[in-house]
Amino acid sequence: MFHLSLILNLRQLSRKILYISRLTHTIYPLTIREIYDKKPLNQSINLIGYLLNVRKLKTHYFLDLFDGSLTNNQKHLQVVASLDKHPNLPHLTYGCSINVQGKLIRSDHPKQELELQADHINLINSCDAFNYPIKPKFEQTLLMLRQNEHLRLRSTFAQAIFRLRSQLMFSLYEYFFKHNFIHIQTPCLTQNDCEGGGETFRIQPYQSQTTHTEKEYFNKQVYLTVSGQLHLETAANGFGRVYTLNPAFRADKTLSRFHLAEFWMLEVEVAGLTKLDQLLDAYTDLVRTTTTEIYNKCPEEFKYLVNNNIQSTYIDQLLNQNDYPRINYKEAVEYLRKSVDFHDFPDNGDFNRAHENYLCQKLMNNQAFFIINYPKTLKPFYMLMNDDDTTVANFDFIFPSVGELSGGSLREHRYENLKLRLDELDITRDLQWYLDLRGFGGMPTGGFGLGIERFLMAITGIDNVRDVVLFPRFYQHCDG
């Protein structure tokens, strides 16, 4: 009996040791978030992070340690260092990085749960506190953070935004996984200007060392992609349901707060779609589902933005609506022509931001909506021609405060119709491979593109696209 009891006690002890080991030892360096989650009390732990604040009292240092792993309601872990134990502690300032080892205990302070009693503190890198832009107790504005792109992710403000971006990406991947989509990586280098706007970045010819003349690297003109849609169609004809989430590039010479030269684009392509309403329903479901997921998973980040005077006035439209109004292009034009400002809107004219805002505010009472069935002369060659032979089966999704959030269409799957359109534009030779999809039994497909940055603006209420991307690239600006 004694031996059995001893064996059982030893087993329990070994399990306890193993449990503690798992709490404090991982394949990655321990983070403050893991400490708050697992609470390895009275254990020796080792942490690396930045100091948000340094307070020196008569007998102790109080250091606010921060490593970016916490949500915005927790912010930091307080490190307590006795002056008796650390008489030669190096000069510490906010912003400097340290390595601290000590024992985790429950805090006596009513506003904090845990604290770390430091046994050893090593300074890794000091910080020029006078010139460091992210100062404690000073207001962090988006403008200030934008002017310090390389440092802004040390601020809790920017971290809230980029946690939301991270969750958005994950929610999109999760949505498509649940709906049996295949993730495709389309090329970033292409010979095609998919959108036909001509605003592309061209790969520069190089100087031949033998002939001393300019030569094309690919033996033809090649560009950075504006859209992966054409290539994605080849995958849709193989897998049926596909998507890509890639960088896209557009050489807009504009300083608008809505435009970037490099941005991230979600593109979706589904085989078997034959009606535009099917495509709009699929788009609506994606937007509503992913927004709901983000909203439920990131309450602290949304709360932090609201506390800093950033609130998405229209997020309820993304969360709660099962459908959005759908108006024809012709209806939108008729309404514009009844106004004082746009009474002379031209036949088959394209909408700019002012037109979209007017329609959204006046016609739709700040309600998101679809504009469908544009004239074929306004849209790219690949969109499915309607039975009237003058319009195409497409949509633009207009969202309050953002403008055009997405665009999509059914694709022209009829060989002769597509060939006629390519011949009209004199691009059949370059796109013979695309025409072959129809010539070799291609299926009807439909799809859309959704800009990640603009989607994040719609979700959060942030009004400048440069605040939701790490290093924004736009006209005359490419730092870092």
Side-chain angles (χ1 to χ4, degrees), residues 33 36-37 68-75 140 142 145 152-153 155-179 181 243 245 257-258 263-268 280-325 360 364-370 397-406 408 448-470:
R33 178 174 180 170
Y36 271 100
D37 287 345
S69 64
L70 294 171
T71 56
N72 289 80
N73 66 328
Q74 294 169 315
K75 294 184 181 178
Q140 298 173 12
L142 288 174
L145 295 174
R152 61 175 164 179
L153 284 187
S155 78
T156 51
F157 201 163
Q159 284 194 354
I161 296 169
F162 280 83
R163 278 198 200 94
L164 287 166
R165 182 180 177 119
S166 177
Q167 182 61 53
L168 169 57
M169 295 297 223
F170 181 79
S171 296
L172 289 170
Y173 288 128
E174 192 173 44
Y175 176 90
F176 290 116
F177 181 79
K178 287 179 179 177
H179 288 81
F181 277 73
Y243 74 101
L245 191 45
R257 61 189 175 91
F258 296 99
F263 52 96
W264 281 76
M265 179 69 76
L266 168 72
E267 295 181 272
V268 179
L280 301 187
D281 291 343
Y283 174 83
T284 301
D285 183 66
L286 168 69
V287 167
R288 185 183 65 250
T289 304
T290 52
T291 303
T292 301
E293 184 77 5
I294 297 160
Y295 192 75
N296 291 338
K297 290 287 180 66
C298 301
E300 292 300 330
E301 283 68 28
F302 280 105
K303 182 179 177 181
Y304 187 88
L305 294 182
V306 169
N307 290 341
N308 283 272
N309 302 314
I310 294 177
Q311 184 168 3
S312 179
T313 309
Y314 307 106
I315 192 172
D316 284 347
Q317 296 185 25
L318 296 172
L319 290 170
N320 301 321
Q321 286 195 218
N322 295 323
D323 200 5
Y324 299 98
C360 193
M364 293 296 169
N365 194 26
N366 282 320
Q367 164 69 53
F369 68 104
F370 292 106
F397 183 61
I398 311 301
F399 192 81
S401 77
V402 176
E404 182 187 336
L405 187 59
S406 301
F448 55 83
L450 173 60
I452 294 300
E453 287 78 17
R454 285 196 187 181
F455 191 20
L456 198 55
M457 291 171 71
I459 291 170
T460 61
I462 292 168
D463 65 1
N464 195 316
V465 71
R466 300 170 198 171
D467 295 323
V468 297
V469 63
L470 184 58

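- For Lys297, the side-chain hydrogen bond (donor to acceptor under 3.5 Å, both in side chains) criterion is met by Glu293, not counting sequence neighbours.
- For Arg152, there are no salt bridge (Lys or Arg N to Asp or Glu O under 4.0 Å) partners at least two apart in sequence or on another chain.
- Residues forming a ring-ring contact (aromatic ring centres under 6.0 Å, His included) with Tyr175 (at least two apart in sequence, or on another chain): His179.
- Not counting sequence neighbours, the partners of Asp323 by the salt bridge (Lys or Arg N to Asp or Glu O under 4.0 Å) test are Arg326.
- In terms of the side-chain contact (heavy atoms from CB on, under 4.5 Å) criterion, Ala282 has no residue partners (sequence neighbours excluded).
- Looking at residues two or more places apart in sequence or on another chain, you find a salt bridge (Lys or Arg N to Asp or Glu O under 4.0 Å) between Arg288 and Asp285.
- Glu404 pairs by the salt bridge (Lys or Arg N to Asp or Glu O under 4.0 Å) definition with nothing, not counting sequence neighbours.
- Listed by chain and number, the residues in a ring-ring contact (aromatic ring centres under 6.0 Å, His included) with Tyr173 are His183 (sequence neighbours excluded).
- Pro325 pairs by the side-chain contact (heavy atoms from CB on, under 4.5 Å) definition with Met364, Gln367, Phe369, not counting sequence neighbours.
- Listed by chain and number, the residues in a side-chain contact (heavy atoms from CB on, under 4.5 Å) with Leu319 are Thr291, Thr292, Tyr295, Ile315, Asp316 (sequence neighbours excluded).
- In terms of the ring-ring contact (aromatic ring centres under 6.0 Å, His included) criterion, residue partners of Phe181 (sequence neighbours excluded) are, by chain and number, Phe176.
- Checked against ring-ring contact (aromatic ring centres under 6.0 Å, His included), Phe448 has the following partners two or more places apart in sequence or in another chain: Tyr283.
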